[in-house]
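Here is the structure we will look at, set down as structure tokens.
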Amino acid sequence: MIVRIKGAISNCYLLLGDKPVLVDTGAPGDLPRILSALKQHHVEPSQLALILLTHGHSDHAGTAAELRARSGRPVALHAGDAALARNGANGVLAASGPLGRLLRPFVDESFQAFEPDIQFREAFSLEPYGVRGKVLPTPGHTAGSVSVVLASGEAIIGDVLRGSMMWPNRARPPFFCNDVDLNARSIVRLAREGLMRCHPGQFGSFPGSELGRYLTTGGNEVFELSGEPV
Ligand SMILES: [Zn+2]
């Protein structure tokens, strides 16, 4: 089961498999919301098998240091984003459009720095952590962005795409993307998983078929970055 925990500006997800796994930790200040969601689902922080970050931005890694201190459980982050965690800073935030430029001053906050306990570069299975699924590198938004692909056909995709602010079940390009071509290839990689449902870092979930709107076939993949209503 996937539980969405709404942070101030982004989503975290609690995976309730044989063991509980937390995916993302929200922005600085989101700790009480996360602890209250864990409590609601009868999960003690110390019971978390893993705290996995989809990437090292402040609205996903913002309370990782505090959660690790409170739970004693390991935090996993792709090596490509380890420097962000070490510095407690977002690094480059390349806006994908006018909205990103508008939002950047509000979301570009620093967070408590930490050294990730587990740093990885390749895909790996979450079975040892009690979850039927895998972690798949999906870089582009940041160098170390990853997605969690579950055996149920659902995926937690971080900021590869976001949900719509206005329309349920719709995907939108992320507000920020450091490497648009690489992100496009990550969308292709996710589309190949034949996903039923995607759970983004921002706003609501959407069907896997939405990934198809950000692909073209038979040539270079094209990523729609402009001209889309919010
Ligand atoms: Zn991000």
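Every number for a ligand or one of its atoms is a count from 1 in the order of the listing.
In summary, the side chains of Thr54 and Asp24 do present a donor paired with an acceptor at a separation below 3.5 Å, with no hydrogens or angles considered. Side-chain contact, His199 with Asn11: no donor N or O sits under 3.5 Å from an acceptor N or O.
With a cut-off of 2.8 Å, the protein N/O/S atoms near the Zn ion (ligand 1) add up to 4.
Residue pairs meeting the side chain to side chain donor-acceptor pair (under 3.5 Å) criterion with at least one member in residues 37-49, sequence neighbours excluded, do not occur.
Between Val107 and Phe176, some side-chain heavy-atom pair lies under the 4.5 Å cut-off.
Hydrophobic cluster of Leu15: the remaining members, joined at side-chain heavy-atom separations below 4.5 Å, are Ile2, Tyr13, Val21, Val23, Leu50, Leu52, Ile118, Phe120, Phe124, Leu126, Tyr129, Val131, Val135, Val146, Val148, Leu150, Ile156, listed by chain and number.
Listed by chain and number, the residues in a side-chain contact (heavy atoms from CB on, under 4.5 Å) with Glu210 are Arg170, Ala171, Phe206, Pro207, Arg213 (sequence neighbours excluded).
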